[in-house]
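These numbers come from the heavy atoms of this one structure, side chains and all, not from hydrogens, waters or symmetry mates. Numbers here are sequence positions counted from 1.
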Amino acid sequence: MIFNKYFCFSLVSLMMLSSAHAIPNDTELYVRNTHASYVNRGMCSVAFDVQGYEPLYEMESIEFTVSLKDNKGNFHYTDTATADDFNFVGGRTYGQFFIEGEEACNIFGGTITINKAIVKHNDGSKDEDIVKNKKLRIDDFKPMKIIISSKK
């Protein structure tokens with residue numbers, strides 16, 4: 001009887017802990033700068049892909065906080081962008097986010113530093129910063145250099 005209570009308590013505790021972060025510890029997401037373009041009469045848009053190598057159905061959105069520097073290393077500004085439309089194809093997760101505005105034109109060929117990437121879940125799991133948890137990786141496609149912040 002005591003063993004049954006201990007076993008049930010352990011099982012429930014394990015289930016609660018496993019759902020505390022909906023993205024498994026061994027899962028990584030990759031970010032890639034795909035292109036930069038002029039849109040909407042002089043506004044600029046810098047596009048990024050987000051990809052996971054497994055379906056992450058519980059991801060609702062990822063809010064990126066980024067710092068942008070031009071190709072000479074001059075700081076321009078900090079911005080936020082959200083990836084919130086994910087597709088699940090072939091056992092993978094795909095999404096995009098964009099940095100847009102007049103100031104974005106000044107960073108073409110520059111560097112973006114991802115300071116935070118907060119994943120919000122649709123299953124009630126706790127939000128998590130995948131930069132802090134080291135689950136965000138760079139797929140360096142080369143149009144723009146990307147750095148993940150080492151600040152804590």
Side-chain angles (χ1 to χ4, degrees), residues 13-152:
S13 297
L14 183 61
M15 288 170 37
M16 289 173 59
L17 285 173
S18 67
S19 67
H21 295 287
I23 297 179
N25 286 336
D26 60 344
T27 301
E28 296 175 336
L29 293 172
Y30 293 83
V31 64
R32 170 193 321 174
N33 173 231
T34 55
H35 65 278
S37 59
Y38 292 100
V39 294
N40 299 332
R41 298 181 190 169
M43 297 289 282
C44 295
S45 177
V46 183
F48 299 87
D49 283 349
V50 178
Q51 181 176 339
Y53 288 99
E54 57 187 85
L56 299 169
Y57 300 110
E58 69 283 345
M59 261 192 341
E60 184 174 314
S61 65
I62 305 174
E63 185 174 295
F64 293 91
T65 302
V66 299
S67 299
L68 302 139
K69 294 181 180 180
D70 62 20
N71 57 1
K72 295 178 183 173
N74 299 319
F75 173 79
H76 277 267
Y77 67 108
T78 299
D79 201 355
T80 59
T82 303
D84 59 4
D85 186 19
F86 295 100
N87 296 304
F88 309 102
V89 179
R92 294 183 178 188
T93 302
Y94 298 95
Q96 289 184 315
F97 68 96
F98 303 90
I99 296 172
E100 298 178 317
E102 291 178 27
E103 192 67 28
C105 297
N106 297 325
I107 62 157
F108 285 2
T111 302
I112 178 172
T113 299
I114 300 173
N115 300 310
K116 288 184 182 181
I118 306 296
V119 175
K120 297 189 183 298
H121 305 283
N122 58 18
D123 65 357
S125 298
K126 181 180 171 184
D127 294 352
E128 66 180 305
D129 183 350
I130 57 175
V131 169
K132 182 179 177 182
N133 294 346
K134 298 183 180 182
K135 294 180 183 179
L136 185 64
R137 299 285 183 249
I138 300 164
D139 183 0
D140 205 358
F141 188 59
K142 296 294 184 198
M144 185 176 194
K145 184 176 180 181
I146 304 171
I147 299 172
I148 296 176
S149 175
S150 60
K151 295 180 186 176
K152 291 190 179 190

Residues D70 and K72: closest non-hydrogen pair is OD1-N, 2.9 Å
Looking at A117 and D129, what are the two nearest heavy atoms and their distance? N-OD1, 3.2 Å
Side-chain heavy atoms of F97 within contact of V31, under 4.5 Å: yes
Shortest non-hydrogen separation from G52 to L29 and the atoms involved: CA-CD2, 3.6 Å
Rounded distance [0.5 Å steps], CE in M59 versus CD in E128: 10.0 Å
When rounded to the nearest 0.5 angstrom, what is the spacing between CD1 in I99 and CZ in F64? 9.5 Å
I'd like to know if the side chain of N33 and the backbone of F48 have a donor-acceptor N/O pair within less than 3.5 Å. no
Would the distance check show the side chain of N115 and the main-chain N or O of V131 forming a donor-acceptor pair, the cut-off being under 3.5 Å? no
How are the rings of Y57 and F88 set relative to one another: parallel (under 30°), tilted (30 to 60°) or perpendicular (over 60°)? tilted
For residues E54 and T27, is any side-chain donor paired with an opposing acceptor at under 3.5 Å? yes
Quick one: does any side-chain atom of S45 pair with a main-chain N or O of V39 as donor and acceptor, under 3.5 Å? no
Out of curiosity, K116 NZ to I62 CD1, how far, rounded to the nearest 0.5 Å? 15.0 Å
Nearest-0.5 Å distance, CG of residue L56 to CD of residue Q51: 11.0 Å
On a heavy-atom basis, which atom in S67 and which in F75 lie closest, and how many Å separate them? CB-CE1, 4.0 Å
Taking all atoms of both residues into account, what is the closest heavy-atom pair of G91 and P55, and its distance? O-CD, 3.1 Å
Identify the two heavy atoms, one from G73 and one from K69, that lie closest to each other, and give their separation to 0.1 Å. O-CD, 3.7 Å
Does any donor atom in the side chain of N122 or E58 lie under 3.5 Å from an acceptor atom in the other side chain? no
Spacing of H76 atom NE2 and I112 atom CD1 [to the nearest 0.5 Å]: 13.5 Å
About how many Å separate OG of S149 and NZ of K132, when rounded to the nearest 0.5 Å? 12.5 Å
